[in-house]
Amino acid sequence: MSFIPGQPVTAVVQRIEIRKLRQGEHLILGFSIGGGIDQDPGQNPFSEDKSDKGIYVTRVTPEGPAEVAGLMMGDKVMQVNGWDMTMVTHDQARKRLTKKNEDVVRLLVASLLCNASPFVQTEFAI
Amino acid sequence: MFCRTQTTRAAIARGSALEMEIRRGKFRRSVFLDTLQDSDIQKKIDHEIRMRDGACKLLAACSQRDQALEAAKSLLTCNTRIMAYMSELQRMKEAQVMQRVARRSDGTRSSDAGPMDDRLPCKGKVAISDLRIPLMWKDTEYFKNKGELHRCAVFCLLQVGGEIHDTDMVMVDRTLTDICFDNTIVFSEASPGFELRVELYSCCSEEDYSAGSAPRKLASKLSSSLGRSAGKKLRVAMDPGACSPTSNAGAATLLLPGPAVAGPKYHLLAHTSLSLSHVQDSFRTHDLSISGNEECSYWVPLYGSVCCRLAAQPHCMTQQMMSGCLKVKLGGDPPSWTNVYGVLKGTNLFCYHRQEDMEANVEPAFTIAINKETRIRASEKDPHSKAQSICISNQYGGEEVTHTLSADSREETHRWMEAFWQQFCDMSQWKQCCDDLMKIELPSPRKPALVTSKQGSLYHEIVIDTSDDISTVTDILTRRMQELELRSQLGTSPPWMSLFEESPGGPRTPRLARHSPRSPHRLPHSPLSSLRCPWPGLLSSDASLTSDSDSPCSTSPCSRHRGWAEPLSLSSPRFRPRTLSLDAKLSTLRGRGYGGVLQCSCQPPSSSSLAPIPAQCVPQATLSCSSSTSSNSSSEGSHSPSSLDGTPFSRPSSARRSLRNLRAKLDPRNWLQSQV
């Protein structure tokens, strides 16, 4: 999500339900996470506040279960199946998402939407 | 020598006849005969004396520091036990004396008050486990202390009445945040008024400075060259009398605390006393009284508290206090009775149909609760039956339920009443322990001490698959050659290359023809064509040498050649793999177009808002993002393998990759990303 200083931004919190896909003996969700309380938050390219140690989605595999469910890159994961993800280590977060006995994960994610949408800009350009 | 009415303790000279007498167990100082209890204790004392002698011999004989510490620990325990037994013996003697004196003087005085007053509560098992003592190291210990790790050996001595147990020894140094003792110690016969004394002993474990052996000058020299705190300890140890005397010599006893042995000596570091009020089914923290200060050699910086689980199982909760046949009144008019076999255990009176049911562990017919809220009274004599009946009333959720029991005979009824009263007495004395049965795990048989490997870094424990040695070496070599190729392609050559880079121009070709047969042989690379820049430089400078003189220089170009070539081939294996690959990797990225990387770092936010994200762009963006920011290429070890495509390197062997992954994970500079 782009952050243009001076422009109003809105954060949207939504619930995303991802059904895991079985690949061999692994259950995959199709995205990558970064962050955690044991990681350096300054290197997080997606966070607004560079001291935010939350878990962010850094990559979404195209056509994967996460993309199908509507997860976008840069989303911040707040909860996974009711478990809090705002104060966890990176490994704890990974473990909460990859539990073998769970087929579905329900995430609470926060996405940023920039108000200045590109569509509006092109209109004026004409 | 001994005055009967006064309690005195005297030190007995070693080797004197008196001591020999005592040692032989003929301790008949008093005029009274040895009672059975006395002989019991006597046997224990003898046993401990023998153990102590063994420990002394072991201490004198052992050479290793660990063994010496263990032996010193057993010595201290034996001494403490001996002291405890001796004092108990003394107390018993005194009690006997007082009793006999009282009886003799006043014949009528006897201690048979009503059975209610004289009731003694039952004994119980007290267990202490999971002792943990937090430490509070100062930052000066970490940062300013350059010397050896200052280590102390600590252990705990636990005492309830006459029972003394010690825990295992733990070595403490500044890498430890808590002292943990894993032992569970169970004291089998403890009264409700028990006092569990916990004492923490420590002894510093550096190379022994037996006081006075090294001359002062040497000591001061040593202390200046050792680490700060180590030197301080050494100086303190050299200075006798600085620290408080050992607790061993504290109380004068009838028996000397053994022969003075050279060896490690434990000092009391902290102590505390626990009693019934501290008993709980969970962990609790208690305060420690610390003796000793920073200047002592045996000092360990304690936080000041001890955490443990103190549980108690009174016998009334675990054993059957009373059992027998009873008759329980059921309702109806005239009231009917049913026969049951009653067992009083813990907070319940279990009523079984038959005695065999109880032995067969069948569920009881019904259970009557006997707890603090229960009221029991004996009703008046029933005109029909001869015996009194017992009414037990309980409150079950607001409703009062009364059971009426009757025993076969008056004596039985009396015994049951006695049992109930005893139960009440126990429950009032043991208080919270009677609410619910606390679990006590029996200590498992001692496991042999695990041999701890030498302190090494985590990397020493990583097993690298050495099954394909040759392939990894050739792997490395080929990779190294390719890296070097690329580097010279990009123009960033190793610094020593610049020596040969003068005069790239000039008449190259004739010289080249002359020297060409030699050059390819020297160099290990096959694709020479790609290398243009440095080689002609070498050849031309080479040629300039040979033009002057023939004979001596016939060897020199060769040697120079070789001299130049050899370092290349020899030094490449000598290069550490990490730096080369890092340099080369970054240079390849640079070569690919650093601009592209810069673009990507600010693009991803906007690109994701566009609807379709091209599949190739995303992994690439993240790859460059992560490597363009801080640190090293090893961060990509955590990415999915697909992102590594397109790099010029052959895929590293799986062992290297896992090692790299581990290092990536452990490196705090990386911002980890995980695929889920």
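Chain identifiers are assigned alphabetically (A, B, ...) following the order of the sequence lines, protein sequences preceding nucleic acid strands; residue numbering begins at 1 within each chain.
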Mind checking whether Pro41(A) and Trp671(B) have side chains closer than 4.5 Å, heavy atoms only?
no

Can you find a pair of side-chain heavy atoms, one from Arg59(A) and one from Gln675(B), that are under 4.5 Å apart?
yes

Identify, with sequence neighbours excluded, every residue that meets salt bridge (Lys or Arg N to Asp or Glu O under 4.0 Å) alongside Arg15(A).
none

Keeping Gln39(A) on the side-chain end and Leu672(B) on the backbone end, is there a donor-acceptor pair under 3.5 Å?
yes

Of Gly36(A), Gly35(A), Gly64(A), the largest count of non-hydrogen pairs under 4.5 angstrom with chain B goes to Gly35(A)

What is the distance from atom OG of Ser674(B) to atom CG of Leu97(A), rounded to the nearest 0.5 Å?
9.5 Å

So with a 6.0 Å cut-off around NZ of Lys50(A), is the heavy-atom count from everything else above 12?
yes

Please evaluate residues Ser32(A) and Gln673(B) with respect to the criterion side-chain hydrogen bond (donor to acceptor under 3.5 Å, both in side chains), reporting the C-alpha separation (whole Å), side-chain torsions for both, the decisive distance (0.1 Å), and the verdict.
CA-CA 6 Å; Ser32(A) 292; Gln673(B) 298 184 44; 5.5 Å; no

Answer with side chain, backbone, both or neither: which region of Asn44(A) has an atom nearer than 4.5 Å to a non-hydrogen atom of chain B?
both

Toward chain B, the part of Ile33(A) with a non-hydrogen atom under 4.5 Å:
both

